[in-house]
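Single-structure report; data block below.
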Amino acid sequence: MALYSDKVMDHFQNPRNVGKIEDADGIGEVGNAKCGDIMRMYIKVDDGVITDCKFNTFGCGSAIATSSMATELIKGKPIEEALELSNKAVVEALDGLPAYKLHCSVLAEEAVKAAVKDYYDKNGIAYDPEQFKNLEDCEHCHE
């Protein structure tokens with residue numbers, strides 16, 4: 001059995017939505033140099049819908065693949081729906097990841113949430129801080 005699924009390899013070798021949105025409505029950055037993976041997610045929102053999203057990721061192939069898939073899963077979705085994106089959904093969409101690479105999918109989920117939180121903050125939109133409590137620290141980096 002191959003270590004990585006065909007979908008992981010495809011999203012690593014041909015990542016979707018790579019780049020930067022200069023006038024992004026929300027930007028989220030998660031990870032740190034200590035764990036080696038840093039993801040920055042950019043979203044453009046129009047009428048409550050994510051009309052565009054891009055990412056820049058410094059990290060391994062799994063980090064790039066999960067970032068790419070996360071952008072595909074939230075593009076065109078209402079912002080509230082994007083907030084519901086789970087790392088499990090990213091892993092399932094990629095047909096799995098090795099257990100020791102699951103933290104990459106967690107970073108992808110957190111990057112989306114961080115971008116949405118930034119959008120909410122910039123626009124004075126009220127939210128439940130509990131939704132974003134895991135963004136304060138890169139927990140899996142301390143294992």
Side-chain angles (χ1 to χ4, degrees), residues 4-143:
Y4 295 105
S5 71
D6 290 341
K7 281 188 183 177
V8 170
M9 293 305 296
D10 182 39
H11 277 267
F12 166 60
Q13 294 172 333
N14 307 292
R16 281 63 150 184
N17 307 307
V18 174
K20 180 179 184 179
I21 299 175
E22 291 297 334
D23 59 344
D25 295 316
I27 302 170
E29 184 173 312
V30 296
N32 66 39
K34 190 163 62 173
C35 74
D37 295 318
I38 300 172
M39 292 183 185
R40 182 175 288 158
M41 188 82 56
Y42 304 86
I43 59 172
K44 194 77 177 149
V45 181
D46 187 26
D47 227 7
V49 174
I50 297 174
T51 56
D52 195 13
C53 54
K54 297 202 179 300
F55 77 93
N56 291 122
T57 293
F58 177 80
C60 66
S62 295
I64 292 166
T66 57
S67 299
S68 174
M69 181 56 80
T71 62
E72 290 285 282
L73 293 171
I74 67 168
K75 199 173 200 177
K77 300 281 193 305
I79 202 150
E80 295 81 18
E81 195 174 320
L83 260 181
E84 295 172 11
L85 179 71
S86 68
N87 70 301
K88 184 178 180 188
V90 173
V91 171
E92 287 174 359
L94 287 169
D95 293 338
L97 278 176
Y100 67 95
K101 291 294 184 178
L102 290 176
H103 70 276
C104 295
S105 64
V106 173
L107 277 179
E109 174 189 335
E110 291 174 351
V112 169
K113 286 184 176 169
V116 169
K117 181 181 183 301
D118 184 54
Y119 167 74
Y120 284 168
D121 289 342
K122 286 178 177 174
N123 290 281
I125 298 170
Y127 56 83
D128 178 2
E130 283 294 303
Q131 269 186 299
F132 303 102
K133 69 180 184 209
N134 293 339
L135 298 179
E136 301 306 314
D137 192 25
C138 184
E139 292 174 11
H140 55 272
C141 296
H142 303 294
E143 294 175 347

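Starting from 1, each residue takes its place in the sequence as its number.
Donor-acceptor pairing under 3.5 Å is recorded for the side chains of Asn17 and Thr71. Side-chain atoms of Asp121 and Tyr127 form a donor-acceptor pair, as typed in the model, at a separation below 3.5 Å.
Not a single donor-acceptor pair under 3.5 Å links the side chain of Asn87 to the backbone N or O of His103. Here the side chain of Asp25 pairs no donor or acceptor atom with the backbone of Tyr119 at under 3.5 angstrom. The backbone N or O of Cys104 sits less than 3.5 Å from a side-chain atom of Thr66, completing a donor-acceptor pair. No donor-acceptor distance shorter than 3.5 angstrom exists from the side chain of Lys77 to the backbone of Ile50, with no hydrogens or angles considered. Side-chain atoms of Ser5 come within 3.5 Å of backbone N or O of Leu94 as a donor-acceptor pair.
A pairwise comparison of heavy atoms in Gly59 and Asp37 identifies CA-OD1, 3.1 Å as the closest pair. Counting all heavy atoms, side chain and backbone alike, Lys101 lies closest to Cys60 at NZ-SG, 3.4 Å. The nearest pair of heavy atoms linking Ala65 to Phe12 is CB-N, 4.1 Å. Among all heavy-atom pairs drawn from Ala114 and Val30, the shortest one is CB-CG1, 4.1 Å. Between Ser67 and Ala63, the closest heavy-atom pair is OG-O, 2.8 Å. In plain terms, the two heavy atoms of Leu97 and Ser105 that are nearest each other are CD1-CB, 4.3 Å.
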Stepwise salt bridge (charged side-chain N to carboxylate O under 4.0 Å, His left out) test for Lys133 and Glu130: CA-CA 5 Å; Lys133 69 180 184 209; Glu130 283 294 303; 3.4 Å; yes
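Considering Leu85, Ile79, Leu83 as possible partners of Ile74, the one that fulfils the side chain to side chain contact (heavy atoms under 4.5 Å, CB included) test is Leu85. When Lys113, Arg40, Lys20 are each tested for a salt bridge (charged side-chain N to carboxylate O under 4.0 Å, His left out) with Glu29, only one passes: Arg40.
Under a cut-off of 6.0 angstrom, the local environment of CG in Asp47 is sparse, with at most 12 non-hydrogen atoms contributed by other residues, nucleotides or ligands.
The pair Arg16-Asp10 meets the salt-bridge criterion, with a side-chain N (NZ, NE, NH1 or NH2) lying under 4.0 Å from an Asp/Glu carboxylate O.
Taken to the nearest 0.5 Å, the CG atom of Leu102 stands 11.5 Å off from the CG atom of Leu107. Note that the CG atom of Asp52 and the OH atom of Tyr42 stand 12.5 Å from one another [nearest 0.5 Å].
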